[in-house]
Amino acid sequence: MPELPEVETVRRGLAPVMDGASIRRVEQRRPDLRFPFPDGFAARLTGRRIAGLSRRAKYLLADLDDGTVLVMHLGMSGRFLAETEEDIEAPGDFHHDTGHAEVHDHVVFHLQTVADAPARVTYNDPRRFGFMTLVPRAELSNHAHFRNLGVEPVGNALSADYLADRFAGKSAPLKAALLDQSIIAGLGNIYVCEALYRARLSPRRKASTLVTKAGQPRAALERLTEAIRMVIAEAIEAGGSSLRDYVQADGSLGYFQHRFDVYDREGEPCEKRGCRSRVRRIVQSGRSTFYCPDCQR
DNA sequence: CGAATGACCTGTGAGC
DNA sequence: TGCTCACAGGTCATTC
C-alpha cells in the first residue's frame, strides 16, 4: 500500500474534487473488500455533503454533514481515479455508468463539486486489502481501527522522549518497533528502512538499546527521531510538489515514490557516506528489510 | 503479555 | 512462449 506520504498525496489530489462536494450517487460493485461494506453503505452516503477530507495514519477520512465519517483505507494496492466533466472525452457518457469500467473498480462516487460541476471518483483495488466503512464522528477515536494508533510521524507529538518511553525495555528489533502502528502511526516498510539508514542504525538492533537506564533517549534515538520526521516530511513534500506530474493521464492517484537510498536496492552500492558496501536484504517479521551492513550499526 | 506466523487477494517479473 | 515461484507499499487473527 501506499504509505503515509502516498496517502497524504492522494488526499491532496482528491481534496479539490471532494471538499464540499455533494454525493449524488454511489456505485458499490461488490459486497466486500477486505471487510464487508456496512449495511446500506451506498444509501447512507447518497445526498450527503462532504465537509472535508483529512487523514489519520494511512486512513483517509471524509467528514459528512450528518456527523458520520467515511473511513477509507487503500490496503496494498488501492488507488483513486478522480475525473471532472472536462476530463471526460465523451460528455454524453458522463452520467452513465461506465461501460468500460476496469475489473477492479469497486466503488464509484458520483459527485457534484462545490463549483457545481459533476465529478466522479473511482476506487480501484486489485488485491482488495483496502476497505471502507462509516463511523460516527464522536466514536472515531474509540473505534477499533483508531483506538490503539500511536503518534503521527510528522508534527510535535513525535519526540525522542516519547520514543524513549515506548522503547524502554522493548526487546523487539528496531525494524519491528518502528512498524508497530501503536507506537508511530503510518510508518510502513519503505520509510522504516529509509529512516534507519539515515539514522545509521541497524534494523536488527533491539529498541531498548536506544534508551538509557534512566529512561532517557540516547543520541542515536535523537538521530532516529529526526530521521523519521525528515524522511516522511520530504516524501510528502516530494509528492505534493509533483502532484501535477504524478496524477496519471487518466487522473488516477496511487503511489508516489521517489528514489530510495536502500529500499528495493539489494546488491546495489550504498551511495551515501562513501562506504562502498552493498545494500543487503534480510527478512524480519516476514517482511523484507533493506540496509547497509557497514554503516548501519 | 510480546513476538512470530499465517491469512487475506491479485499482479508482476524472474528464471527455467 | 508459457509455466512456476517468489514477492509486493498493510493489517488482523491465531499461536507459541
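All values reported here derive from a predicted model rather than from experimental measurement. Chain identifiers are assigned alphabetically (A, B, ...) following the order of the sequence lines, protein sequences preceding nucleic acid strands; residue numbering begins at 1 within each chain.
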Take the protein atom [atom1] of [X] and the nucleotide atom [atom2] of [N], then report the distance between them rounded to whole Å.
| X | N | atom1 | atom2 | result |
| --- | --- | --- | --- | --- |
| A/Glu266 | C/dA8 | CD | C1' | 14 Å |
| A/Arg287 | C/dT11 | CZ | C1' | 9 Å |
| A/Glu3 | C/dA8 | CD | C1' | 12 Å |
| A/Asn148 | C/dT11 | CG | P | 13 Å |
| A/His106 | B/dC8 | NE2 | C1' | 13 Å |
| A/Asn124 | B/dC9 | CG | P | 17 Å |
| A/Leu74 | C/dG10 | CG | C1' | 11 Å |
| A/Leu4 | C/dT11 | CG | P | 10 Å |

**Message:** Can you confirm if the NZ or CZ of A/Arg273 lies within 45° of the ring axis of A/Tyr197 and under 6.0 Å from the centre of its six-membered ring?
**Reply:** yes
**Asked** So, the side chain of A/Gln284 versus the backbone of A/Pro203: is there a donor-acceptor pair under 3.5 Å, distance only?
**Response** yes
**Request:** Using the P atom on both, measure C/dT14 against B/dC9 and round to a whole Å.
**Result:** 15 Å
**Integer angstrom distance from the P of C/dA6 to that of B/dG6** = 14 Å
Assess whether atom [atom1] of [X] is packed by more than 12 heavy atoms of other residues, nucleotides or ligands within 6.0 Å.
| X | atom1 | value |
| --- | --- | --- |
| A/Arg24 | CZ | no |
| A/Arg218 | CZ | yes |
| A/Arg55 | CZ | yes |

Linking I/L/V/M/F/W/Y whenever any side-chain heavy atoms sit under 4.5 Å apart, do [X] and [Y] land together?
| X | Y | answer |
| --- | --- | --- |
| A/Leu61 | A/Phe41 | no |
| A/Val151 | A/Leu210 | yes |
| A/Phe109 | A/Leu134 | yes |
| A/Leu187 | A/Leu179 | yes |
| A/Ile23 | A/Val121 | yes |

Please enumerate all protein N or O atoms sitting under 3.5 Å from an N or O of nucleotides 3-7 of chain C, with distances to 0.1 Å.
from: C/dC7; atom 1: OP1; to: A/Arg281; atom 2: NH2; distance (Å): 2.9

**Item:** Side chains of A/Met18 and A/Leu111 in contact at under 4.5 Å (non-hydrogen atoms)
**Value:** yes
**Message:** Quick check: do A/Leu253 and A/Thr9 have side-chain heavy atoms less than 4.5 Å from each other?
**Reply:** no
So, [X] and [Y], do they make that salt bridge, N to O below 4.0 Å?
| X | Y | result |
| --- | --- | --- |
| A/Asp32 | A/Arg30 | yes |
| A/Arg79 | A/Asp125 | no |
| A/Glu194 | A/Arg198 | no |
| A/Arg229 | A/Glu152 | no |
| A/Glu271 | A/Arg265 | yes |

Hey, what are the protein-to-nucleotides 12-16 of chain C N/O distances that come in under 3.5 Å?
from: C/dC12; atom 1: OP1; to: A/His145; atom 2: NE2; distance (Å): 2.9
from: C/dC12; atom 1: O4'; to: A/Arg34; atom 2: NH2; distance (Å): 2.5

**Asked** Does the ring of A/Phe129 lie flat against the base of C/dT11, closer than 5.5 Å centre to centre with planes under 30°?
**Response** no
**Asked** Which ones in residues 159-167 of chain A lie close to DNA chain B, meaning a heavy atom under 4.0 Å from one of its atoms?
**Response** none
**Request:** Specify the residues of residues 169-203 of chain A, ordered by number, for which at least one heavy atom lies under 4.0 angstrom from an atom of DNA chain B.
**Result:** A/Lys170, A/Ser171, A/Ala172
**Prompt:** Within the structure, does a side-chain N or O atom of A/Arg128 lie under 4.0 Å from either OP1 or OP2 of B/dT10?
**Reply:** yes
**Request:** Could you summarise the pairing of DNA chain B as dot-bracket text, marking Watson-Crick and G-U pairs under 3.5 Å with ( ) or [ ] inside the strand and | across strands?
**Result:** .|||||||.|||||||
For nucleotides 11-16 of chain B, list the nitrogen or oxygen atoms of the protein found under 3.5 Å from its nitrogen or oxygen atoms, one pair per line.
from: B/dG11; atom 1: OP1; to: A/His104; atom 2: NE2; distance (Å): 2.7

**Asked** Between A/Tyr59 and A/Phe146, is the gap from one ring center to the other below 6.0 Å?
**Response** yes
**Prompt:** A/Phe80 vs A/Tyr123 aromatic rings, parallel, tilted or perpendicular, using cut-offs 30° and 60°?
**Reply:** tilted
**Message:** I want to verify a distance call: between B/dT5, C/dG10, C/dG9, whose nearest atom is closest to the A/Glu6 side chain?
**Reply:** C/dG9
